[in-house]
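The structure presented is a predicted model; accordingly, all values stated were derived computationally and were not measured. All values below come from the heavy atoms of this structure, side chains included, with hydrogens, waters and symmetry mates left out. All chains are named by letter (A, B, ...) in the order of the sequence lines, taking the proteins before the strands, and each is independently numbered beginning at 1.
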There are 2 protein chains.
Amino acid sequence: MKPSFEALKQELARKNIHLSHQRLKVLDYLTRYPCHPTAEQIFADLHKDLSTLSKTTVYNTLRTLAEAGLVRVITTDNNESRYEIATDNHGHFKCDCCGAIYDFWIDTEALHSPDLAHFEIGSRSVYFKGVCPRCL
Amino acid sequence: MKPSFEALKQELARKNIHLSHQRLKVLDYLTRYPCHPTAEQIFADLHKDLSTLSKTTVYNTLRTLAEAGLVRVITTDNNESRYEIATDNHGHFKCDCCGAIYDFWIDTEALHSPDLAHFEIGSRSVYFKGVCPRCL
DNA sequence: AATGAAATTTGCAATCATTGTTATTTAGTA
DNA sequence: TACTAAATAACAATGATTGCAAATTTCATT
């Protein structure tokens with residue numbers, strides 16, 4: 001259940017985060033291209049149309065949006081940070097062959113362990129690796 | 001079920017990986033201190049007793065051991081790679097407050113999703129964040 | 001519309017973990 | 001002992017991310 005761009009804008013307004021041109025562009029990009037891009041990719045693509053955009057702003061914006069809970073950072077292997085619109089109950093699959101990242105449905109809220117009885121759990125993430133159908 | 005240092009040595013020998021002094025030191029460190037250290041931490045601690053050790057060797061060794069399947073790399077947020085002796089069926093919990101990483105039991109092999117019907121799954125990892133009992 | 005304070009953006013320098021490269025050392029073998 | 005390959009060391013290079021200071025923009029108030 002991906003939130004629409006309009007819903008995200010309202011969410012930002014509700015949290016008193018200014019809807020600047022740059023922030024809306026980043027948010028729009030993430031809703032339009034849900035391919036889990038890196039900051040570099042986001043910057044490179046947006047820079048084509050918005051030549052004044054700086055990479056620092058992309059990083060700042062992503063951090064702001066992540067702190068607001070609208071964006072989630074996926075830390076894959078190889079220390080690459082990738083970004084997506086935050087949605088619940090899905091995991092990520094990374095193909096060892098082509099590097100693509102796929103979303104898949106999984107009830108992450110249902111994950112529990114007796115060892116964590118006295119822990120306060122804030123977030124649960126699931127990350128699989130392997131080979132995708134396209135590469136098989 | 002942590003493999004003993006001796007079992008790990010045998011495993012290396014079986015795979016024709018030379019049991020050099022440096023490699024055994026790294027392996028020994030990981031079995032002795034299962035705190036998911038960074039490469040930097042491993043280097044700093046081993047360097048005290050083995051002043052000729054280089055950081056490059058620590059990285060090379062960790063990669064060799066990881067490729068051999070004896071060591072697993074945990075990529076947490078903040079782009080920090082941490083290392084542990086590879087064991088099955090556990091997830092990782094990182095405390096947002098103190099930064100410590102805890103192992104917890106979970107049957108990762110039991111995780112499935114209908115969306116991945118035609119995917120070849122190589123590894124499954126589970127990563128929780130929150131606050132640990134010590135910080136609560 | 002003008003003013004001024006606060007937030008945002010920009011550009012570039014700095015950081016830091018990791019990798020590349022090459023020379024040196026070590027180990028195993030003839 | 002000499003030879004060949006593997007392993008290690010030292011240091012440079014990379015690349016993603018952050019810090020910082022200046023410039024720009026926004027918004028509230030007049």
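Inspection of the A:Thr64 and A:Glu67 side chains reveals no N or O donor paired with an N or O acceptor under 3.5 Å. In this structure, a donor-acceptor pair under 3.5 Å is present between the side chains of A:His36 and A:Asp103.
Picking from C:dA17, C:dT10, D:dT18 the nucleotide with the shortest atom distance to the side chain of A:Ser54 gives C:dT10. The listed nucleotides are C:dT18, C:dT8, D:dA16; the one nearest the side chain of A:His18 is C:dT8. In this structure, the nucleotide among C:dT10, D:dT26, D:dT8 sitting nearest to the side chain of B:Thr61 is D:dT8. Distance from the side chain of B:Thr56 is smallest for D:dA9 among the nucleotides C:dT10, C:dT9, D:dA9.
Among the protein residues, A:Asn60 comes within range of the nucleic acid bases, having at least one heavy atom under 4.0 Å from a base atom. B:Thr38 comes within 4.0 angstrom of no nucleic acid atom, judged by non-hydrogen atoms across all strands. If you check every strand for non-hydrogen atoms under 4.0 Å, B:Ser81 touches sugar and phosphate atoms only. Among the atoms of the strands shown, only primed sugar atoms or phosphate atoms (P, OP1, OP2) are found under 4.0 Å from some heavy atom of B:Ser20.
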### Task
Verify ring-ring contact (aromatic ring centres under 6.0 Å, His included) between A:Phe104 and A:Phe128, making sure each step is shown before the conclusion.
CA-CA 10 Å; A:Phe104 62 86; A:Phe128 286 9; 4.9 Å; yes

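Comparing B:Thr57 and A:Lys55 against DNA chain D, the residue whose closest nucleotide sits nearer the 5' end is B:Thr57.
Residue pairs meeting the salt bridge (Lys or Arg N to Asp or Glu O under 4.0 Å) criterion with at least one member in residues 75-90 of chain A, sequence neighbours excluded: A:Arg72-A:Glu84, A:Arg72-A:Asp88, A:Asp77-A:Lys94, A:Asp77-A:Lys129, A:Glu80-A:Arg82, A:Glu80-A:Lys94.
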